[in-house]
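See below for the structure under consideration.
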Amino acid sequence: MTQQDWSAHVTRLVEDELAGFAVESQGDRLLLEDFARMRVRRPRPITVNFSGGLTQTCYSVTRSNGAYSVLFLPRAGYFSLCVDSDFGPLDIGVHGPALGCFASV
């Protein structure tokens, strides 16, 4: 896929997840509001660092809050919570749905 295709794919995945999310509490509503505030409009490629010095091109889902961001890992097919580092985002092993990763902070 091209960069533009990946960006559109990630956007669809997030939108589908949001459409299926049941708001059952005030906490759920606040989670959605925070996610919407931090979400990027167009996912862009970003190099993510993994254990062992490996790197991979992933796609941004949220802007960093100064410590964490949510990214999509194309090779794995799921979302990841990454910690900010001097060398760029670092995968910390929190994977799954975008909202689940975002709510982990």
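All residue numbers refer to positions in the sequence shown, counting from 1. It should be emphasised that the depicted structure is a prediction, and the values quoted were computed from it without experimental measurement.
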Quick one: pull up CG in Leu13 and CH2 in Trp6 and give me the separation to the nearest 0.5 Å.
8.5 Å
Value rounded to 0.5 Å, distance of CG in Leu31 from CD in Gln26:
11.5 Å
Can a donor-acceptor pair be found, under 3.5 Å and without considering hydrogens, that links the side chain of [X] to the backbone of [Y]?
X: Glu17; Y: Ala98; answer: yes
X: Asn49; Y: Thr55; answer: no
X: Arg63; Y: Arg39; answer: yes

[X] versus [Y], closest heavy-atom pair with distance:
X: Tyr59; Y: Gln3; answer: OH-CA, 3.7 Å
X: Phe79; Y: Cys101; answer: O-SG, 3.6 Å
X: Ser7; Y: Arg42; answer: OG-C, 4.0 Å
X: Ser60; Y: Pro43; answer: O-CB, 3.1 Å
X: Asn65; Y: Val105; answer: ND2-CG1, 4.0 Å

Verify the neighbour count for atom CD of Gln4: are there more than 12 heavy atoms of other residues, nucleotides or ligands below 6.0 Å?
no
Other residues, nucleotides and ligands only: do more than 12 of their heavy atoms fall within 6.0 Å of OH on Tyr68?
no
Could you name each residue pair satisfying side-chain hydrogen bond (donor to acceptor under 3.5 Å, both in side chains) that touches residues 71-92, not counting sequence neighbours?
Ser64-Asp84, Ser80-Asp91, Asp91-His95
Under 4.5 Å between side-chain heavy atoms, counting indirect links through other Ile/Leu/Val/Met/Phe/Trp/Tyr residues: same cluster for [X] and [Y] or not?
X: Leu18; Y: Val10; answer: yes
X: Val70; Y: Leu73; answer: no
X: Leu54; Y: Ile46; answer: yes
X: Phe21; Y: Val14; answer: yes
X: Val40; Y: Leu81; answer: no

Parallel, tilted or perpendicular for His9 and Phe72, by the 30°/60° rule?
perpendicular
Close side-chain approach of [X] to [Y], heavy-atom, < 4.5 Å:
X: Val48; Y: Leu90; answer: no
X: Val61; Y: Leu71; answer: no
X: Pro45; Y: Cys58; answer: no

